Undergrad: 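Please read through the structure below; I'll follow up with questions.
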2 protein chains.
Amino acid sequence: MGWGNFTFRKMGEKVVISLADCFQGYHFLNPVSIDRLEQISEKLNCKRNSVLIRQDKIQKDIYFLASGLARVYYETADRQITLDFVSPGGTLISMNSYVHDTPGYENIDLLEDSIVYKIDQKKLFTLYESDIAIANWGRKMAELEFIKAEQRTMSKLFNTAQERYAELLEKYPQYIQRIKLGYIASYLGVSQVTLSRIRANIL
Amino acid sequence: MGWGNFTFRKMGEKVVISLADCFQGYHFLNPVSIDRLEQISEKLNCKRNSVLIRQDKIQKDIYFLASGLARVYYETADRQITLDFVSPGGTLISMNSYVHDTPGYENIDLLEDSIVYKIDQKKLFTLYESDIAIANWGRKMAELEFIKAEQRTMSKLFNTAQERYAELLEKYPQYIQRIKLGYIASYLGVSQVTLSRIRANIL
DNA sequence: TAATATTTTTAACAAATGTTAAAAATATTC
DNA sequence: GAATATTTTTAACATTTGTTAAAAATATTA
């Protein structure tokens, strides 16, 4: 998950990341193993507002976002909290579902028309048992996703909402303008009213 | 720590987890692979208040806590935030350091005299390349640590400090009484004064 | 056990943020 | 492009939590 590490082209141009680059984003992989992973992948064209993963459904498969934009959020009866925005090259996964075959916590929606690759979990688990390069790639994926999640946690613990908003603006101006303030506010951990106040101070 | 310690000794319940059980906590492992892991492990007897991992040092190795109690925390110039308490059977790791060989975020101290096993990261990485069972065990470790961290995040996002304190009390009554309120307060994400108010309400 | 040090609770006040509701701005649809 | 719907900002007020400092309780040391 997370904002991909890929540099953006000119504003307005649509970023498209290849599936192989999504894989290699975690770890070097030899061509044979890449081919094996591609064979258990399926390309999907999804419309804006599609729901990829729902917290009440078992969603074992992994998605790689080739283009578009996604939002990851948790939900209770009365609240919805945005955990992350994911840009092309990023991974969309409900780790709990992927690991335990049970419903996870996260909902994942697409905020834009997107291209995603779906990897069949069952077939991936089979590859883990037979291909040590893929097993280590899968290890690396979990490790790096852990670190990304940890960085988000750290940022939320130690930086003010104002600092984090400024960071977002600087790092991803092209996306922020397309995302509803309510989503951003819940990502920052404040109410939308407070985010409006922050914006009024900054601008 | 008088009162808590007394209770503990009286109950005669010092928990000790074997190294093999620490390993198997993540995933089944065959005896041959367990043996390989044990060969790169070192048993350490550590005193209360020992520092295992410091955020400003590279600490690549992993520790398994066989007995005792540990605290994981992040620190800045003006604040210290407790992330987790770890009880026997748990793993002590600075994931960023373990993965990237760079200083991580976490400090880990022992709150009690403890027995820990240290696993040499370099040798572990070598095993990952040659033993597919260990590679998948390492994958499982990262995946399950991710899920544990996610659960902590979820709990902090959706439960009140009061609810989380009640949970702690129920889950680790024997430990909580031995931990300073300041540590618990920062784990809950409130000031110590607020935690005192919570306790006054509950009791 | 007395003396000292540490930890926890309480009190008073200040500051920050949430809530509700209405107005303004912007986007979408026909 | 006008009408409608959605999103964002602003205002007023209430509530929560943090801060500081002192008192009380508990633990440690000699």
Side-chain angles (χ1 to χ4, degrees), chain A residues 12 47-49 69 71 73-82 85 109-113 155-166 168-169 173-203, chain B residues 1-10 47-49 69 71 73 76-82 85 109 111-113 155-166 168-169 173-203:
Chain A
K47 283 275 154 209
R48 178 171 139 82
N49 291 329
L69 185 63
R71 178 173 78 104
Y73 60 100
Y74 293 163
E75 196 170 44
T76 59
D78 55 326
R79 267 183 308 166
Q80 204 185 66
I81 296 183
T82 298
F85 300 106
D109 292 359
L110 297 172
L111 300 180
E112 309 282 339
D113 293 352
S155 168
K156 203 160 186 178
L157 285 177
F158 285 109
N159 300 324
T160 64
Q162 172 148 348
E163 288 164 343
R164 299 179 69 223
Y165 181 68
L168 271 187
L169 269 188
Q174 62 277 60
Y175 285 126
I176 293 311
Q177 284 156 352
R178 285 142 66 196
I179 300 174
K180 283 201 255 186
L181 279 200
Y183 292 169
I184 296 176
S186 85
Y187 175 81
L188 298 176
V190 296
S191 70
Q192 183 174 330
V193 173
T194 297
L195 178 54
S196 265
R197 292 196 267 237
I198 288 171
R199 282 157 60 94
N201 281 342
I202 283 184
L203 305 176
Chain B
M1 289 198 177
W3 196 80
N5 240 343
F6 173 74
T7 304
F8 194 63
R9 263 190 260 111
K10 191 168 126 195
K47 282 275 153 209
R48 177 171 139 83
N49 292 329
L69 184 62
R71 178 174 78 106
Y73 60 100
T76 59
D78 56 327
R79 266 184 308 166
Q80 204 185 66
I81 296 182
T82 299
F85 300 105
D109 292 0
L111 299 180
E112 308 283 340
D113 293 351
S155 168
K156 204 160 186 178
L157 286 176
F158 284 108
N159 300 324
T160 64
Q162 173 150 346
E163 288 165 344
R164 300 179 69 224
Y165 180 67
L168 270 187
L169 270 188
Q174 67 277 46
Y175 288 130
I176 292 311
Q177 286 157 349
R178 284 144 62 199
I179 300 174
K180 282 200 256 186
L181 278 201
Y183 292 169
I184 297 175
S186 85
Y187 175 81
L188 298 175
V190 295
S191 71
Q192 183 174 330
V193 173
T194 298
L195 178 53
S196 265
R197 292 197 268 236
I198 287 171
R199 283 158 59 94
N201 280 341
I202 282 183
L203 304 176

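What you are looking at is a predicted structure, and each value in this text was computed from that prediction instead of being measured. Residue numbers start from 1 in every chain, and the chains themselves are labelled A, B, ... in the order their sequence lines are given, proteins ahead of strands.
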Undergrad: Would you kindly give the CZ-to-P distance between Arg178(B) and dT8(C), to the nearest whole Å?
TA: 14 Å
Undergrad: Taking any strand in view, what nucleotide pairs with dA23(C) in a Watson-Crick or G-U wobble way, both distances under 3.5 Å?
TA: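 Matched dA23(C) with dT8(D) under the 3.5 Å cut-off.
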Undergrad: Among dT10(D), dT9(C), dT19(C), which nucleotide sits nearest the side chain of Gln192(B)?
TA: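 Between dT10(D), dT9(C), dT19(C), the one nearest the side chain of Gln192(B) would be dT9(C).
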Undergrad: Between Arg199(A) and dT9(D), is there a contact of a side-chain N or O with OP1 or OP2 at under 4.0 Å?
TA: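 Indeed, a polar side-chain atom of Arg199(A) lies that close.
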Undergrad: Could you work out which one of dG18(C), dT8(D), dT10(C) sits closest to the side chain of Arg197(A)?
TA: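 Looking only at heavy atoms from C-beta outward on Arg197(A), the closest nucleotide is dG18(C).
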Undergrad: Establish, with yes or no, whether the OP1 or OP2 oxygen of dG18(D) is under 4.0 angstrom from a side-chain nitrogen or oxygen of Thr194(B).
TA: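 Answer yes for this pair, as a side-chain N or O of Thr194(B) is under 4.0 Å from OP1 or OP2.
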Undergrad: Look at Asp113(A) together with Lys47(A) and state whether they make a salt bridge at an N to O cut-off of under 4.0 Å.
TA: yes
Undergrad: Does Ile179(A) form a side chain to side chain contact (heavy atoms under 4.5 Å, CB included) with Arg71(A)? I'd like the steps, not just the answer.
TA: CA-CA 9 Å; Ile179(A) 300 174; Arg71(A) 178 173 78 104; 5.8 Å; no
Undergrad: Using a 6.0 Å cut-off, check whether atom CZ of Arg79(B) has over 12 heavy atoms from anything other than its own residue.
TA: yes
Undergrad: Where the side chain of Ser186(A) meets the backbone of Thr82(A), is there a donor-acceptor pair that is under 3.5 Å apart?
TA: yes
Undergrad: Starting at CG of Leu188(B) and ending at P of dG18(D), how long is that distance when rounded to a whole Å?
TA: 11 Å
Undergrad: Ignoring the backbone of Lys180(A), work out which of dT8(D), dG18(C), dT10(C) is nearest its side chain.
TA: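 Between dT8(D), dG18(C), dT10(C), the one nearest the side chain of Lys180(A) would be dT8(D).
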Undergrad: Quick one: Leu195(B) CG to dT17(D) P, roughly how many Å, whole number?
TA: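 Nearest whole value for this atom pair: 12 Å.
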Undergrad: Using a 6.0 Å distance limit plus a 45 degree cone around the ring axis, check whether Arg164(B) lies over the aromatic ring of Tyr187(B).
TA: yes
Undergrad: Please report, rounded to the nearest Å, how far the C1' atom of dT7(D) is from the CD1 atom of Ile176(A).
TA: 16 Å
Undergrad: Measure from CG on Leu181(B) to P on dA25(D) and round the result to the nearest Å.
TA: 16 Å
Undergrad: Side chain of Val193(A) only, heavy atoms from C-beta on: which candidate in dA11(D), dT19(D), dG18(C) is closest?
TA: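 Nearest nucleotide to the side chain: dA11(D).
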Undergrad: Once you round it to whole Å, what is the distance between P of dT8(C) and CD1 of Ile198(B)?
TA: 15 Å
Undergrad: Please report the distance, rounded to the nearest Å, between CD in Gln177(A) and C1' in dT7(D).
TA: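 Distance check: Gln177(A) CD to dT7(D) C1' gives 15 Å.
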Undergrad: Quick one: Tyr183(A) OH to dT6(D) C1', roughly how many Å, whole number?
TA: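 After rounding, the reported distance stands at 12 Å.
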